[in-house]
Amino acid sequence: MRQTMKRDVITISDVSDSEIDEIFSLADEFLGGKDSGAHRVSGRRHQADAYLMATLFYEPSTRTRFSFEAAMKRLGGEVVGGADPATTSAAKGESVLDTVRVMESYTDLIVLRHPCEGAARAAAEHVGVPVINGGDGRHEHPTQTLCDLYTLRRELGGETLRDLNVLLIGDLKNGRTVHSLVYGLARFGANVITMAPPGLGLPSEVSRRLEEDYGRKPELGSQIFDNENGGARIGAMYIAPDSQLKTAISRAQLPRANLHFDGEFVEGDGVKISIDVCYVTRRQGERVSRDETVSSEYPVIDAKFLSAKRYKDTRVLHPLPRVGELGYDLDRDQRGVYFKQAAYGVPIRMALISKLLGISPFSTSRPQGPQHDLYRHGEKMQCANDRCITNHAVERRQLTPKFWLVRPTPKFPKISLRCTYCETDFEPPFYGRVGERSLHANAGVPDEMDWWKIVLFANEQEARMAGLEMSASAQS
Amino acid sequence: MRQTMKRDVITISDVSDSEIDEIFSLADEFLGGKDSGAHRVSGRRHQADAYLMATLFYEPSTRTRFSFEAAMKRLGGEVVGGADPATTSAAKGESVLDTVRVMESYTDLIVLRHPCEGAARAAAEHVGVPVINGGDGRHEHPTQTLCDLYTLRRELGGETLRDLNVLLIGDLKNGRTVHSLVYGLARFGANVITMAPPGLGLPSEVSRRLEEDYGRKPELGSQIFDNENGGARIGAMYIAPDSQLKTAISRAQLPRANLHFDGEFVEGDGVKISIDVCYVTRRQGERVSRDETVSSEYPVIDAKFLSAKRYKDTRVLHPLPRVGELGYDLDRDQRGVYFKQAAYGVPIRMALISKLLGISPFSTSRPQGPQHDLYRHGEKMQCANDRCITNHAVERRQLTPKFWLVRPTPKFPKISLRCTYCETDFEPPFYGRVGERSLHANAGVPDEMDWWKIVLFANEQEARMAGLEMSASAQS
Amino acid sequence: MRQTMKRDVITISDVSDSEIDEIFSLADEFLGGKDSGAHRVSGRRHQADAYLMATLFYEPSTRTRFSFEAAMKRLGGEVVGGADPATTSAAKGESVLDTVRVMESYTDLIVLRHPCEGAARAAAEHVGVPVINGGDGRHEHPTQTLCDLYTLRRELGGETLRDLNVLLIGDLKNGRTVHSLVYGLARFGANVITMAPPGLGLPSEVSRRLEEDYGRKPELGSQIFDNENGGARIGAMYIAPDSQLKTAISRAQLPRANLHFDGEFVEGDGVKISIDVCYVTRRQGERVSRDETVSSEYPVIDAKFLSAKRYKDTRVLHPLPRVGELGYDLDRDQRGVYFKQAAYGVPIRMALISKLLGISPFSTSRPQGPQHDLYRHGEKMQCANDRCITNHAVERRQLTPKFWLVRPTPKFPKISLRCTYCETDFEPPFYGRVGERSLHANAGVPDEMDWWKIVLFANEQEARMAGLEMSASAQS
């Protein structure tokens, strides 16, 4: 019923390293060659003449929607869709899953942006045409990451990002672009330094995946900045392959007055390192829940910030829009490449569309399959992320939650479930085994072979209703 | 000044039976032939390369607008327009009639959705390009009906709908798709059974037109369900040619708990009949006036409902969006064809656009002219429907109300006026005759030849101002 | 970095008279020739096949946006963009200047409508692709003026507008279309009579520019209508070359009851003149600040108004939408040409797009450069217009105010600054000279050669901080 071979791009993991290379090569062609120096596409081609693309945006967008539409039209294709859910059946209470099933029959490719995490994955499972995630809540925004990596590749001139020092600064918790980006950077070998206001650091599941899936070891900065005399606090972390993790962050200062960070990055042998890339993100105001308290301090990256020697050859990227954290004085500074970064959105999305529509099909190896087993007993389990599509009052009627079973490691000794939609990790407090009656606390799990037998419980009552009980020994 | 030959599709009556056949044949071509089994259109054609279509949607829409736009673009044509009146001059108080006159000069075809009943007819009268009604309030939605009929034709495989048993269920009062559909079903010979929560049955003017214009006799179900022990009530009606009306609805039960209807349809000779088509509609929340009290019960059609034998081969249709009345378990049930029904929207609208733009002009007989005389004295009469375009504060300045004079019949012994825009019937309480001074109550009207002389009055005062008076004998 | 030759159309002054002729000739071609009698464009051409146009509308629009989009699509080009800032990054606080810099890299031409005066000029300075002003606050709307002038040219059949008597009626203060129009009419030699409710007359800077830049002398009507018996007041002005200004406006009457103006236009020798064109504008409700008190009276132009002999051959124009000031009875009156005027929007905008994209490049002389010197000391000066883009809380961060220094004349004896963005004139109360310490009141300025030395101050404190002081003699 579904096309077996259809490809979706929901997370950056859905394209392999060699496929990303293919996308970049095709984007280069659209820009007149690898060394053309161009960053915008001119003219229109005819490759996609026969195709219609749907753009379904349930959240505001300028760059993503307009560059997708420009990309499709530069390819000769056409676009149906809209940006305002209030003008569609969403206003009448229609689920996004019903909407994509309808759009599937009108168009050949769907680009979806939705506030619920996991929405794009759920949509992709429901339709037979390729789905591209244009951003799903705080989860991922893979085409932004493709643009970001392509910008680095094209602006830094190399074939690889290996050993580049990339400073990520701003809200790293809620910015979905950052999550996709750090995975992408890790895959291509970059070192990442993160700096974030308190409470806005990289989520722990992102750190965990960096370490477990990509072999990048995160280490907290040697100093958490908290100047007594009114300075603001900022958290810093260095993420690199284990062998390289010899860098300390020192002498940090972030005066409240101008919020200009002034830390040094010093290698273990005392050599100061330089920053190749400074990636700035804005405060994601619209994603902060009402019950979160967020520091009012936020770093500002401008010419003054970049006056230190280590930023002499830095490229400054920003996914835009900016709302104060990126100085306008960088607009006329060669280091500021964020408008080129936006421009690259068109050739990159043209290339991705061409790949997914089969105009220039992928010819190299696809990404490897999932690294974890599917949890087999998840029908009654709810995802712990209340913004997950599986917890949405309307959408959940059409969706069965599914989870990856993430086995414990020495560092993370509990069994985790990872939602296959929003990829949130959580650790139900109890587990049992199929065919056994004893209930166990999810901690210090023994090394055991029959993982498929594991049944997890969100609380004791559920376990008791399923006929399991805590053994006296286990309770002690 | 106006193109004499331009064709509008405002109601399903604007296309003849043979023209509907032409549309269906052309849609079949777009799907690769009558028996291709396809339900979605691929690729793009070039027939409409030279044309621009306007989409003016003053109410939310997903399927109608997007499938019209996809249809036009699959034909090679282009679209100008929008879905959000707040972003157009409507926000500055411009009338829809002014707006369509402007769009007429920009485009070659106008698709209009508007909350006022009769808006599309009024628009069609004001412009020289074809107008397609994309839905006007509670009135009609003819292209939905074309899709519905085409779905039945294509899914049931026959050339005709004669003697099909079609069960219409849900809000039959406010759902405009249903009104167009019942006329269409009647024309093609289907039998219709309606089931609706109390207060949401088929409007009486629809029943009347079914009987008078299409020779379908409606009969109330033999039992109005009102189970003493907490059951919900639902009204049922069977509509068939007189000769066939031998079916009784019995043993009805609609327990409040699950709102699953469980009535039998039994022919006069005791033979139970099967349902060929179950057409479900949602509660039209946005069309219910504040002063209407509507039952909170609403039927739910799902696999359980369809477990009775009479639904074994039923095709389930729904115009979508669904908001709870259609079970998700039918998505994977062969009987559920509502997503195909949505998909057929593209080939059907491609065919209709091709016909109206003259790319594949209609070649068979057009619909017959109006069945009633135009009422000649209607300048001061107001349509009784306050949602009619002729009663809209802004639009009425540009519109003169017009009415059909519907002559009395034995069953409906009063003279009616039918608004030519919204097609609402109403019976002014008094009438007189041109050249005579006596006023008469509109009841038991004598069989009289000079219908053009009849002048109707909404109240006695108006009649007196026009110089007429109730005679003593008439008053008695 | 910027294309030196790129052309923007921000005000009607940005195209020369001969270039306007070129645009009109090309529009004639799109209508099948000068005498074709057509007013709408059919079919699609392929000239702009390779191009994408951005439409960025931050305010509601029907005609401007839809006719631009229809024009681009009739030319074979494509459009990216939208009409609802709430669905774009504007909702996240992005500046319009950032947005246009991004759209510049996606598209080949930008059409911008924005509520801030001067927004389009600022945008044009920030990007390397042509920018067309689709309306900036109360400032200008040059493509509307091109349509208006073209309508006159085409409907009146002549090669010139010289000596036409054009009556402008309605809100002449806030209607941006009128400001562009009066400059255009002046350039092509028409006489202009303005009639406006009190408080809604032509702004004084428009009058000044008419006189100084175009040699049209405005004179107040000989009578300001203020009928004792309840009549409404309306202000009238006659604007013509000095040599012709012999016309008096007399016997004015505007009864409150129907607001029908009944003034005569009498030449000095007693000969009554006829009106060739009546240009009506609506009350610009959305542009009236909360603290402005505006007369509730507003003229209504309808068949009754036009019954006087002087209107026998008048063409009635209106930029639409109308909201009561233009009678529907003119829709069927040959004198009402406003729907044709709207229709001409497509060929005119097709021509303008063709010119700016270089498909049919301008071949005649460009407009002459600025008539005033740039003020060299304006970094700290703020534009006096609080709706100017340079005063917008977000945009001002990216913009440095710039001003033309307008030298005093016998009639306007103070030095003025004219904002290069919104073109508002204002007269800072003090001035000094570079290298001198004495401060002077801005009044009765001596004829002096070193204008670049002039430094203006908004108040004494600023001057004092800059080291200047009022001399005792100056204070007296």
Side-chain angles (χ1 to χ4, degrees), chain A residues 1-3 46-58 69 72-73 75-110 125-129 357-358 393-400, chain B residues 38-46 55 57-79 82-87 113 282-287 318-324 326-329 331-332 338-347 349:
Chain A
M1 204 156 76
R2 299 277 173 264
Q3 301 166 36
H46 296 286
Q47 293 101 315
D49 266 354
Y51 297 98
L52 257 53
M53 180 179 83
T55 48
L56 286 175
F57 278 68
Y58 290 76
E69 296 190 3
M72 189 61 178
K73 291 177 175 183
L75 283 171
E78 262 299 343
V79 180
V80 170
D84 187 2
T87 64
T88 70
S89 285
K92 303 174 190 165
E94 180 163 57
S95 70
V96 67
L97 294 177
D98 274 4
T99 302
V100 293
R101 282 205 63 177
V102 170
M103 294 309 281
E104 164 194 21
S105 63
Y106 297 171
T107 60
D108 306 297
L109 173 69
I110 295 174
E125 286 185 3
H126 268 69
V127 302
V129 300
L357 287 177
V394 172
E395 311 297 339
R396 66 185 299 171
R397 295 187 214 144
Q398 278 167 280
L399 273 175
T400 307
Chain B
H39 56 274
R40 66 191 299 280
V41 176
S42 295
R44 278 207 289 169
R45 285 153 188 80
H46 295 287
T55 48
F57 278 68
Y58 289 76
E59 287 192 319
S61 167
T62 295
R63 266 152 294 279
T64 306
R65 183 162 68 93
F66 290 162
S67 66
F68 261 116
E69 296 189 2
M72 188 61 178
K73 291 178 174 181
R74 292 272 186 211
L75 283 171
E78 262 299 343
V79 180
D84 188 0
T87 64
R113 170 169 288 187
R282 71 184 167 92
R283 184 191 294 275
Q284 299 274 326
E286 74 273 28
R287 303 217 177 279
H318 191 298
L320 302 177
R322 56 180 160 183
V323 289
L326 182 67
Y328 296 110
D329 50 8
D331 292 9
R332 286 168 301 274
Y338 34 85
F339 284 117
K340 285 190 192 175
Q341 179 189 5
Y344 290 137
V346 175
R349 290 180 172 104

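Contact of the Asp331(B) side chain with the His126(A) side chain is not registered, since no non-hydrogen atoms from C-beta on lie closer than 4.5 Å. Between Arg44(B) and Leu52(A), the closest side-chain pair of non-hydrogen atoms falls below 4.5 Å. Arg40(B) places a side-chain heavy atom less than 4.5 Å from the side chain of Val129(A). Side chains of Glu78(A) and Arg74(B) form no contact here, defined as non-hydrogen atoms less than 4.5 Å apart.
Put simply, CZ on Phe66(B) and OG1 on Thr99(A) are 9.0 Å apart, with the number rounded to the nearest 0.5 Å. Put simply, CZ on Arg322(B) and OG on Ser95(A) are 6.5 Å apart, with the number rounded to the nearest 0.5 Å. Once rounded to the nearest 0.5 Å, the distance linking CG of Asp98(A) with OH of Tyr328(B) reads 5.5 Å.
Of the listed residues (Leu97(A), Asp49(A), Val79(A), Val394(A)), the one with the most heavy-atom contacts under 4.5 Å to chain B is Asp49(A). With chain A as partner, the option from Ala70(B), Ala71(B), Ser42(B) having the largest number of non-hydrogen pairs under 4.5 angstrom is Ala70(B).
Distance alone, capped at 3.5 Å, places no donor-acceptor pair between the Arg397(A) side chain and the Gly327(B) backbone.
Nearest heavy-atom pair, Ser105(A) versus Ala342(B), reported as atom, atom and distance to 0.1 Å: OG-C, 4.4 Å. Val346(B) and Tyr106(A) make their closest contact through CG2-CD2, 3.4 Å (heavy atoms, listed as atom of the first residue, atom of the second, distance).
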